Protein chains: 2
Amino acid sequence: MTTVGPPDSESESAWLAAYDPTAFTPIAVTVDVVALTIRRLPDSGAKALHVLTIRRGAMPYEGRRALPGGFVRAAENEDLDQAAVRELAEETGLAAHGGGESGALAAAPLLSRLHLEQLGTYGTPGRDPRMRVVSVAYLAFAPDLPEATAGGDAAAAHWVPVAELDPGRDPEGLAFDHARILADGLERARAKLEYTSLATAFAGPEFTVTELREVYEAVWGEPLHAGNFHRKVLSVPGFLEDTDTTTARGGARGGRRARLYRAGGARLLHPALLRPSREETL
Amino acid sequence: MTTVGPPDSESESAWLAAYDPTAFTPIAVTVDVVALTIRRLPDSGAKALHVLTIRRGAMPYEGRRALPGGFVRAAENEDLDQAAVRELAEETGLAAHGGGESGALAAAPLLSRLHLEQLGTYGTPGRDPRMRVVSVAYLAFAPDLPEATAGGDAAAAHWVPVAELDPGRDPEGLAFDHARILADGLERARAKLEYTSLATAFAGPEFTVTELREVYEAVWGEPLHAGNFHRKVLSVPGFLEDTDTTTARGGARGGRRARLYRAGGARLLHPALLRPSREETL
DNA sequence: TGAATAGTGTCTGTAAGACAGTATATG
DNA sequence: CATATACTGTCTTACAGACACTATTCA
């Protein structure tokens, strides 16, 4: 650290006025993760979008669902992205909960197909009743992950269908402002499917066009025309790459075998796959 | 503030382990603002996109350009958005620099047509050599503002054509990671022009189609076909609203008078106005 | 063989871009 | 009138959605 002169409180060039607790109101920095995956509903067997939630084990909002998250470990020089990966790994139990700095690294292989991006930062005073907390929210997409098992905490982590958390259907709602964060994350995810190849992050390394369509249907929450979808995705350059293989079997009750594809190199889709809805939404 | 039990360091439900300086590495929270406007270049007279910058008056990066920004005033319960507006108002001198909590409010009338949105959060360890700083970046769009005058600080604020800050043309570059933040802000602005009515935020309350086209050309940095642009923007429902008036005069060297429009109610454009570039960008 | 699933052909309406033309202002 | 600027017509190509059709596999 370089030593600098007098404070200049109006710009980043200032020294923190702080280190004097009487003049400095601390702000805690946390990360929260909206982790999305697609899994079958236990009852209907239909594929639906799920979000990872925990049960809070302490006040406030004790017993309520919340998004996984926690403090950024500034003392360990932890980056924001690292903190998000670490929290996700700990909550899903996908990495040994050995704690310490190895957490994020140990998770790397299992979470390798994970897509992670920053969603936004939520820092309204009062969003946490205890103190001033600024939370950097992340959005994570992953292929179907194993049932989450709580890390070391008392909190139990579970995949919950996003439809169950819909305001109105959910009597209690998520803790803090997490309902808002989730809503922002869902809108971001829905929009990104339109013009990026993100949907492939929800699928395995090889997938059929039908499986890809089910991803779009689960995230957008509406059925798509199978035939037109098929022709459209194959016409986008660089989106899908043919593996020249097919599934081993057709449908359970008959049906043609489906061709297998892997994600192509394109990250931006031209032309885009626009959502059918949002018409006359004036 | 509610009193809670023992710390549970893995989730937001924890008390800060801190207030004990030996166990707590503080993180400073700041806001930085990418403020964009469109003004004529002094020499050519052409309209170009400008960004607001200050000259740093203290180490590190003393004398270098930087984005305006500063600490969030946690002690005053300041919201992140408020902090961004306050910093912008102070740096542009658009509000009395009376300081204190009235800063943001006093700026409201003058900055009323301002569009402000969160851009992203930058918190990589080491981005500020002095201490750990997490900065929430904001993107602001405004019609041509008066020449910025430094607030109370020694720093001088100026509108700079973004082309001058292009890596390669700019020998020294912006301080900290502000070049990256600016690049992210520009890409966001360019993308948002495509599918939102944001361009009208750069224009006055009433404007011609040609003025609107100049906004798109300045932000995208490439010429557009005047005729096709004209027909296209008028075909988007809710984008433009006819005022049934025209400009007082035609062009300086002859030419028809242009019809005046104001921004319509639509915030999302259907169909979108896609950038001509980005073709075969595979 | 019948049903289920995968994939294709074709038609229609909408929209983008190229380009040329018309309308109305200034000097 | 020459010229500059605003605006419109029309043609071609591309793409989205509707719908019907063919292809292949399973029980």
Side-chain angles (χ1 to χ4, degrees), chain A residues 45-47 193-195 203 206-217 220 222-237 239-240 242-261 269-280, chain B residues 45-47 193-195 206-214 216-217 220 222-240 242-261 268-280:
Chain A
K47 293 190 180 176
L193 284 206
E194 293 193 329
Y195 59 94
E206 296 190 348
F207 50 86
T208 67
V209 171
T210 297
E211 286 167 348
L212 188 65
R213 177 167 48 81
E214 288 171 333
V215 169
Y216 276 89
E217 289 174 335
W220 286 349
E222 53 191 326
L224 300 176
H225 184 113
N228 287 339
F229 181 87
H230 199 105
R231 187 163 11 85
K232 188 157 33 171
V233 293
L234 290 181
S235 77
V236 178
F239 191 12
L240 298 188
D242 201 330
T243 65
D244 292 317
T245 57
T246 68
T247 51
R249 286 183 39 90
R253 296 182 299 285
R256 190 171 171 172
R257 291 176 184 163
R259 207 171 254 278
L260 285 169
Y261 297 88
L269 305 185
H270 289 295
L273 285 84
L274 299 178
R275 278 176 277 187
S277 50
R278 53 146 66 179
E279 317 201 359
E280 322 307 304
Chain B
K47 293 191 180 176
L193 284 205
E194 293 192 329
Y195 60 93
E206 297 191 345
F207 49 86
T208 67
V209 171
T210 296
E211 285 167 349
L212 188 64
R213 176 166 49 80
E214 288 171 333
Y216 277 90
E217 290 174 334
W220 287 348
E222 54 191 327
L224 300 175
H225 184 112
N228 288 339
F229 181 88
H230 200 105
R231 188 164 9 86
K232 190 156 33 170
V233 293
L234 289 181
S235 77
V236 178
F239 190 13
L240 298 189
D242 200 330
T243 64
D244 292 317
T245 57
T246 68
T247 51
R249 286 185 40 90
R253 296 181 300 284
R256 191 169 168 175
R257 291 176 185 164
R259 208 170 252 278
L260 286 168
Y261 297 87
L268 258 40
L269 305 185
H270 290 294
L273 283 83
L274 300 178
R275 276 176 278 187
S277 52
R278 55 144 70 175
E279 316 201 0
E280 321 305 304

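Numbered from 1 within each chain, the chains take letters A, B, ... in sequence-line order. Worth saying up front: this structure is predicted, and the values here are computed from it rather than measured.
- Rounded to whole Å, the distance from CD on A/Glu214 to P on C/dT5 is 10 Å.
- B/Glu211 approaches B/Glu206 most closely through the heavy-atom pair OE1-O, 4.3 Å.
- Nearest heavy atoms, B/Leu260 versus B/Thr246: CD1-O, 3.6 Å.
- For the pair B/Leu269 CG and C/dA15 C1', the computed distance is 15 Å after rounding to whole Å.
- When atom types are taken as modelled, the side chain of B/Arg257 and the backbone of B/Ala248 share a donor-acceptor pair closer than 3.5 angstrom.
- Regarding A/Phe229, its CZ atom lies at a distance of 16 Å from the P atom of D/dC15, rounded to whole Å.
- Residues from residues 242-254 of chain B that place a heavy atom under 4.0 Å from any atom of DNA chain C, listed by number: B/Arg249, B/Gly250, B/Gly251, B/Ala252, B/Gly254.
- At least one donor-acceptor pair closer than 3.5 Å links the side chain of B/Tyr216 to the backbone N or O of B/Leu193.
- Although no hydrogens or angles enter the test, the distance criterion places a donor-acceptor pair under 3.5 Å between the side chain of A/Glu194 and the main chain of A/Arg275.
- To the nearest 0.5 Å, atoms CG (B/Leu273) and CZ (B/Phe239) are separated by 6.0 Å.
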Walk along nucleotides 6-14 of chain D from 5' to 3' and tag each nucleotide B, S or - by protein heavy-atom contact under 4.0 Å, base first, then sugar-phosphate. BSBBB----
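- The interatomic distance linking A/Glu222 (CD) with D/dG17 (C1') rounds to 14 Å, in whole Å.
- In this structure, B/Glu217 contributes its side chain and B/Leu224 its backbone to a donor-acceptor pair below 3.5 Å.
- The distance from atom CD of A/Glu211 to atom P of C/dT5 is 14 Å, rounded to the nearest whole Å.
- For the residue pair B/Thr210/B/Thr208, the side-chain donor-acceptor check at 3.5 Å is not satisfied.
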